[in-house]
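Since the structure comes first, as structure tokens, the remarks are kept for the end.
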Amino acid sequence: MLDGKKVLFSGMQATGNLTLGNYLGALKNWVTLSDEYECFYSVVDMHSITVRQDPQVLRKRARALLTLYIAAGLDPEKNCIYYQSHVSAHAELAWVLNCFTYMGELNRMTQFKDKAAKHADNINAGLFTYPVLMAADILLYQTDVVPVGIDQMQHLELTRDIAERFNAIYGDVFTVPEAYIGKVGAKIMSLQDPSRKMSKSDENPNASIYLMDDADTIRRKCKRAVTDSVGIIQYTDEQPGLRNLLDIYCACTGKTPEEAVREFDGQGYGVLKEAVGEAVVGVLDPLQKRVAELEKDKAYIDRIIKENAEKAGYFASKTLRKVHRKIGFPDRIR
Ligand code: ATP
Ligand code: LTN
């Protein structure tokens with residue numbers, strides 16, 4: 001609880017270009033929830049370096065992501081939008097939590113297994129302990145709720161286990177957080193292989209719709225989306241490509257799958273694909289315009305970055321001090 005409100009924390013990595021999956025699965029829900037909670041939205045740039053990054057590109061992407069948070073509708077005067085690397089308490093708490101996390105637990109993380117397979121030449125310790133830094137992000141702010149896509153559920157469970165383990169030894173130090181998974185758009189699949197999630201690190205550019213794709217590109221990608229040979233528009237697991245298109249359509253229009261199926265009853269896939277393209281353009285076009293507007297106002301964004309890092313740092317250091325005291329680190333002499 002902060003100022004009588006429950007606390008929400010979430011973050012995204014500044015790696016690759018954001019996809020429609022990131023927007024519908026995470027960012028869109030953040031905006032919906034932002035009135036109800038005291039919110040911390042971090043650009044988790046420290047997580048990004050678990051795979052190699054070009055320094056200039058990383059800096060640019062981090063700023064673009066922070067700008068996007070605001071463009072998506074998060075008011076930075078009310079929500080704490082900041083860079084993880086500006087608040088050193090994240091790294092400090094992560095170290096402590098490393099000592100309360102087991103190798104076996106980290107070994108089971110599917111994201112680690114996927115990323116290790118993908119980056120076999122750079123399986124660094126940071127990639128392995130990535131979920132511990134994520135736990136630190138969340139626990140530092142005494143977070144109640146964490147809105148994420150389904151793929152992050154395993155990390156959330158681990159965070160809860162670490163918090164409970166710590167609390168069992170030292171008393172109630174951390175709030176044990178709950179995940180918030182949105183009803184629609186929780187897992188948007190690749191347009192080229194509907195058995196895999198849409199991902200910003202996919203090598204095939206046609207597999208993902210990027211938030212900054214222009215209208216024609218979006219329409220073309222929807223038109224080329226892999227479907228099936230059944231030829232009937234229905235919402236079923238047996239037609240995963242079609243189901244994904246309907247999910248995208250519903251997440252963009254606010255309709256239910258039943259309504260969408262009724263709307264396209266008896267029509268061909270081409271009609272649906274076209275409608276999906278238009279629905280996505282309808283969501284992304286205004287978003288891109290707001291990004292362009294915000295990018296012009298450098299001083300405003302700079303002020304947000306500075307003030308919010310201070311605000312986050314203030315709350316984070318409170319928890320960190322409590323942790324230090326509980327585990328027996330000597331008091332500072334002031
Ligand atoms: P990468 O593919 O490079 O690992 P990513 O696209 O999964 O990255 P993240 O930064 O790991 O991106 O995720 C940011 C947020 O977006 C998380 O909350 C995650 O659950 C959500 N998310 C990512 N991909 C999807 C998707 N396809 N559908 C729904 N939500 C998603
Ligand atoms: N691991 C997450 C990003 C992330 C995060 C967090 C999400 C880092 N720290 C804290 C929610 C809360 C991802 O890959 N999507």
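For ligands, and for the atoms within them, numbers begin at 1 and follow the listed sequence.
Put simply, no part of T19 is less than 4.0 Å from ligand 1, judged by heavy atoms. Note on ligand 1: T15 sits outside its first shell, no heavy atom being nearer than 4.0 Å.
Near Q13, meaning under 4.0 Å from one of its heavy atoms, ligand 2 places the atoms 14 (O). Remark: ligand 2 atoms within the under-4.0 Å shell around heavy atoms of S10 are 11 (C), 12 (C). Near V148, meaning under 4.0 Å from one of its heavy atoms, ligand 2 places the atoms 7 (C), 11 (C). Within ligand 2, counting atoms from 1 as listed, the ones closer than 4.0 Å to a heavy atom of V44 are 8 (C), 9 (N).
A salt bridge links D302 with R63; the closest basic N to acidic carboxylate O contact falls under 4.0 Å.
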Exercise for review: Please assess H90 against Y141 for the test ring-ring contact (aromatic ring centres under 6.0 Å, His included), listing each intermediate value before the final yes or no.
Suggested key: CA-CA 10 Å; H90 287 253; Y141 299 93; 5.7 Å; yes
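Contacts between I138 and ligand 2, counted as non-hydrogen atom pairs separated by less than 4.0 Å, involve the side chain only. Neither the backbone nor the side chain of Q111 has any atom closer than 4.0 Å to an atom of ligand 1 (non-hydrogen atoms only).
The protein heavy atom nearest to atom 10 (C) of ligand 2 is F9 CE2, 3.4 Å.
We find the CG-CE distance between N98 and M103 to be 10.0 Å, quoted to the nearest 0.5 Å.
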